Each structure stands twice: as C-alpha cells, then as structure tokens.
Asks: 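Here it is: the structure, laid out below.
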Amino acid sequence: METENKSLNFLEEIITNDIESGKTKLLITRFPPEPNGYLHIGHAKSICLNFGLAIKFNGKCNLRFDDTNPVKEEDEYVLSIKEDVTWLGFEWSKLCYASDYFDQFYEWAVELIENDKAYVDDQSSDEIRKNRGTLTEAGTDSPFRTRSIKENLDLFERMKNGEFDEGFCVLRAKIDMSSSNLNMRDPVIYRILKREHHRTGNKWCIYPMYDFAHGFEDSIEGITHSICTLEFQDHRPLYDWFIDNVSVPSVPRQYEFARLNLTYTLMSKRKLLELVSNNVVTGWDDPRMPTISGFRARGYTPSSIRRFCNEIGVARTESMVEVEFLHHCIREELNKESNRAMAVLRPLKVIIDNWPDNVVDELSAENNPENPEAGTRKLKIGKTIYIEQTDFMEEPVKGFFRLSPGKEVRLKSAYLITCNDVIKDVNGNVTELHCSADMDSRGGEAPDGRRVKGTLHWVWEGDAIKAKINLYDHLFTLRDMSDMEEGKDYTDYLNPNSHILLEEALVEPGLALAKPLEKFQFLRHGYFCADKTTSQYMPVFNLTVSLKDPWGKKQQKR
RNA sequence: UGGGAUAUGGUGCAAUGGCAGCACACCUGACUCUGGAUCAGGCAAUCUAGGUUCGAAUCCUAGUAUCCCAGCCA
C-alpha cells in the first residue's frame, strides 16, 4: 500500500513526537462510524487517515460502530460499512461496538453520580433548552441540580429499569451552566429511549449520548489518538472532562481535522438518505452517489480512492476539493490498466461501396497501448459498419478533422475510408453514409505514406452487439453545495442530465462476455465498467469517467 | 454581539526565521493509428496594517474575513 510520503502532516508530526518522547508506545487509532447510513468519500478520507496512520507507525486501528442511538441505526448499515472498509483495502485490528460497553458506561455514570458530578433532571427538553442560555448569556441551574446523591442514584436506577416514560427525565453531568462553551453547560449524558437496539435488543431503555460515550469507548480500546472532524473541537474540553472525572483504563487524546468537501457533491448522510428514500437515485450504490458503494458501482478502484485521499492531504483548514482531481486519480489508474474496446454510442450506418459483398476481413488490434503485455484481439470488418454520429459533419466547422464529404479518415486498426455520399431521411437527418475504402490501407496505414489525421472507432454490422450504456454526470449543478441561494434547497440544484441511458449502442462482440464490474476504456469516449446486471444477452455498461476531451470542450465554449 | 478554530496561485497541500515549491485545473507547443496517453514550456499565491530582525508565509501587536457551537443526533 502506498505509504511513502514527502512531508509530515500535522497529525503525523504529533504522533512522531509522542512516539519519540515515549508518551505513545503503540499507536492505536479507530474509525468510528455510526451505522445510520452508507459510507461516503468523506468517510474514505477518515478511513485512509486512521488506518493509514496505523500502518505508517506500525500501530493498530479498530473499526468501531458508534451505536448509541437505536432510533437511527440498523444492521444493514453495519454490513455495508464492513464491506466498504474491506473493499478499500484495510483490515481492522479489532471489530468493536459502543453497545458492547453499555454495562461499563452505566457503571461510570453511577460513579459520576456518587461523586456528585451528575444528576437526574426532570425538566422537559424545552425547559432544558431554555435554561441553557444563549451564545452570549449564561444558562441557569436546573431546579433539580441539587438533588442528593442518594436520590440521584435511585432515580437513575429507576430510569434504567424502565419506570419512566421517554422524555420524563435525563441524566446530566454537573459542570458549569455559565461556561462560554455551551457543551459544558451540564450536558445530557443519558436519555430514556424505549427502542429496540440492533444488537442489545430490549435490554436497555436508557442510552448514553455521544459526548459521554465516545471518550470512554476510546479509553476502553486503548486508543491513543482519537481523530475526528473540526466541528468536535468545542467538544474536546468535555471529552477530557469525562476522562478526567471517571476511573478510566487509559487516557486518549482527541485531534481534529477538516472534513472533505467536494465540488458538485453533497456529503451529508442525512441528505444522501433522503435522495435514497425519495427515489431521486436508485439506491445507496447508485453510480451517481458519492458513497463508497456508489463509486464501486461506477467503476472506481480502491487504490484510486486511496490515492485521492492521500494526495489531498490532511489539514485543519476548511476546504473544497475539485471533483476533477478525483477524476484525475481514477483516469491515471485506468489508463494504465484497462483494456481498450470499441463502442459506438450513437450509431451512424456507413456502407463501403467498393467493399466486395460477403467478404469479411479479420484484423488485429492492440488491447492496451500502455501495456504491451495486454496483447491483441481479433476484429472483423465487412461492407457495412457503424461509426459515431458525432464523428460526421456534413458541413465541418473549423478544426473538425473527422469525417465529412470528400474527407478521408482512418478506421482504427482497419482501413482508410473517404466519404462520397450522404443519405438523409425526409426530415433532412443523416441516416447513412456511402464511403470508399483504400483497399491497400489494411491495418490503417496509407500505402503512399500520406498523413491521415482523423481516426475513428467503429463496429462491424456483422458481429456488433447491442448494449445499454449509462452515462453519468454530477448529481448537482452547483459547484459549492454549501452556497445555495436564499430559500432554495439541494433539490433545486439537481442535474437533470446526471443520468442518460443509451439503448441503441453497438459494441464489439467481445464485450458480451464482460464480467460485472470489469473495466474497459471505450476508445475515444472514456472508462466504463460492466454493470452488475450485465449479461451476454443484454450487456450493460456504466460510465466511470470520460476521457479528457479538448475538442468537446472547445465546442462547448463556442 | 460569547466561545472555539482557520487564512499561501482558480483548487488542494508544502516550505517549521534563509531563493515561496508540488499536484490538479487552465493556456501554448511537440508527438500520436484514441482530439486519450506522453513530452516540453507557460499563467498564477503568502488576508490587511504596523512592528521585531541582516533577513518574516513563519515571531509580536492590532484589525479583517470565513467556518463551527444554543439536539434528550453523531
């Protein structure tokens, strides 16, 4: 795995120092997702960071499910998360669940109560909110803040035993209602939730809150460096408070880094869930989704995503990475590794008039010019072929060097042809081209050495097969999805062309045998991978990323 | 208007008191049986104002801008 590095990022520096000073004997990190949705590319950054650090410093990294809220969590998500982490190429040292520690959490909560550092509050959630104060005004103490330790112990036990309804009371840490850090204003640490938990079933009807649980989870697992995102910076004093006020087995430290933002991409689990439940996309693994499973279906490789995560770096500055950089990472890999194939997405019939009837020629084409070891394949050609509609212009614009009346082009790995005649339907649409081939140009080289600039991909009518092609583009039209206009939401920015299905595509016959997720470069188009539903009866391919296309870009600008 | 953070080319990341560098993107050109790839070149940045210093992106002071925080979510 690619671990070599030029300069250390701020976390690597901290860890290096901690190891050199002897503070850290063995680095232990963790990736702690809540199983309430599928993982996305932002999580991939965190995964690569935490697992990558463990690899780099010969440490360990746990996969831990932060499942403290049964209302939102499901086993389906646990399964998908394990699959995605594994697919990305990482192995966890231990598989953990916060819910495995519920008994211990309960004991620590009791310890806090015994030390007069927690109390049961009977205020409603509205009252708690009102009494929390505001950003500029201190909060006010709960009338229940001075309850005796004995009473609190009794009440908390009765909470656990299910004697109270949801919302009737909560357990709060007794810290400081006038703290300028709102997280320290007696945070709620246990709430009553009479819900079945995906792992503990109905054993519990009280569940710990994130702030209370997270540091303890880290401590139990001996996590040395607990890495999370920037929005938790304000929680760090609270994280430390719990660790300092309870007899924990180890003292972890929290460090924060900036989460990944990508242009034209939504990275909120909640909104991604909405896209799925509202059928805006076909599922969490829709190739347009920024989920890891979406990228997998789209044809991205684990190493391309790791490479992306490693190269964007880690810092504490909020930033927005251009999605083009991700495209670059996958292109770079697929260019070297994927075999080439010819696929005509929008076919235009071409009849080679001087080609003898019923004669078929068999040619050889290289599978990957970047890798001679990929070998060659046989291609057959006959009198009638198909080329791309966009490769013909009756009245060529300046700079167009593909086919037009009187012009000569090369059919890739085959022959040079010249367009002689254009057939149109009653509406004036071009339906058929008549060309003549230079029969001495077999293989694509002119016998007299004349230069032919244009090279087109093609398929032969005799053996081409029909295929469905899914073209994809970004789901949203807004570069920075955190910068929406007043009163608009993300549904106002959905890209109507994010998915285009082409059902009349013709592809070379070998593609019938493509295996699900097998990757190809369709010559002059881009990288495609076979859909999970592909079959020899109906091959289906998904666009991973298009080839760079200076000509297309130039045309768009006109 | 309380608290916590962050400011380096269009974008992301370096430079840890000593020539501001790398990648992506963009623009040229070369080459090419993929308008791909490759190769060569180019454009382009230290938030502002003071100060310390022989020397400041880096240290100090004062501003400015942006982000996060008032869930019984994580």
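Owing to the predicted nature of the structure, the values given are computational and were not obtained by experimental measurement. When reading the values below, keep in mind they use all heavy atoms of this one structure, side chains included, and skip hydrogens, waters and symmetry mates.
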Asks: Side chain of A:W551 only, please: which of B:C13, B:U6, B:G35 is the nearest?
Replies: B:G35
Asks: Between the base of B:G10 and the side chain of A:E322, is there a donor-acceptor distance below 3.5 Å?
Replies: yes
Asks: Hey, is NZ on A:K380 packed in by over 12 heavy atoms from elsewhere, all under 6.0 Å?
Replies: no
Asks: If stacking means aromatic ring centre less than 5.5 angstrom from the base's six-membered ring centre, planes under 30°, is A:Y210 stacked on B:A74?
Replies: no
Asks: In dot-bracket notation, what is the pairing pattern of RNA chain B, taking Watson-Crick (N1-N3 plus N6-O4 or O6-N4) and G-U wobble (N1-O2 and O6-N3) contacts under 3.5 Å, with [ ] crossing and | for other strands?
Replies: .((((((..((((....[..)))).(((((.......)))))....(((((..]....))))))))))).....
Asks: Testing the 3.5 Å rule here: is there a donor-acceptor pair between the side chains of A:E221 and A:N62?
Replies: yes
Asks: Report the nucleotide, chosen from B:G36, B:C73, B:G35, that has the shortest atom-to-atom distance to any side-chain atom of A:E34.
Replies: B:C73
Asks: Hey, can you tell me if A:Y207 and A:H197 have their rings parallel, tilted or perpendicular (30° and 60° cut-offs)?
Replies: parallel
Asks: Under 3.5 Å, is there any donor-acceptor pair linking the side chain of A:E324 to the base of B:G10?
Replies: no
Asks: Taking the six-membered ring of A:F164 as reference, does the NZ or CZ atom of A:R158 fall below 6.0 Å from its centre and within a 45° cone about the axis?
Replies: no
Asks: Name the pairs: protein N/O against N/O of nucleotides 66-71 of chain B, kept only if under 3.5 Å.
Replies:
unit_1 : atom_1 : unit_2 : atom_2 : d
B:C67  : O2'    : A:E318 : OE2    : 2.8
B:A70  : O2'    : A:R132 : NE     : 3.4
B:G71  : OP2    : A:R132 : NH2    : 3.3

Asks: Taking the P atom of each, how far is B:A37 from B:U28, in whole Å?
Replies: 15 Å
Asks: What do the steps show when you test A:F476 against A:Y264 for ring pair (Phe, Tyr, Trp, His ring centres under 6.0 Å), and what is the final call?
Replies: CA-CA 5 Å; A:F476 298 98; A:Y264 301 103; 9.6 Å; no
Asks: I need the A:K548 NZ to A:R331 CZ distance, nearest 0.5 Å.
Replies: 6.5 Å
Asks: Of the nucleotides B:U34, B:C72, B:A5, which one has an atom closest to the side chain of A:Q233?
Replies: B:A5
Asks: Could you tell me whether B:G42 is syn or anti, where syn means a glycosidic angle within 90 degrees of zero?
Replies: anti
Asks: Can you say whether a donor on the side chain of A:R402 sits under 3.5 Å from an acceptor on the base of B:G35, or the other way round?
Replies: yes
Asks: Using 0.5 Å steps for rounding, measure from the CG atom of A:N371 to the CD atom of A:E366.
Replies: 10.5 Å
Asks: Looking only at heavy atoms, what is the nearest atom pair of A:R442 and A:D361, with distance?
Replies: NE-OD2, 2.6 Å
Asks: Looking at the side chain of A:T136, which of B:U34, B:U1, B:G12 is the nearest nucleotide?
Replies: B:U1
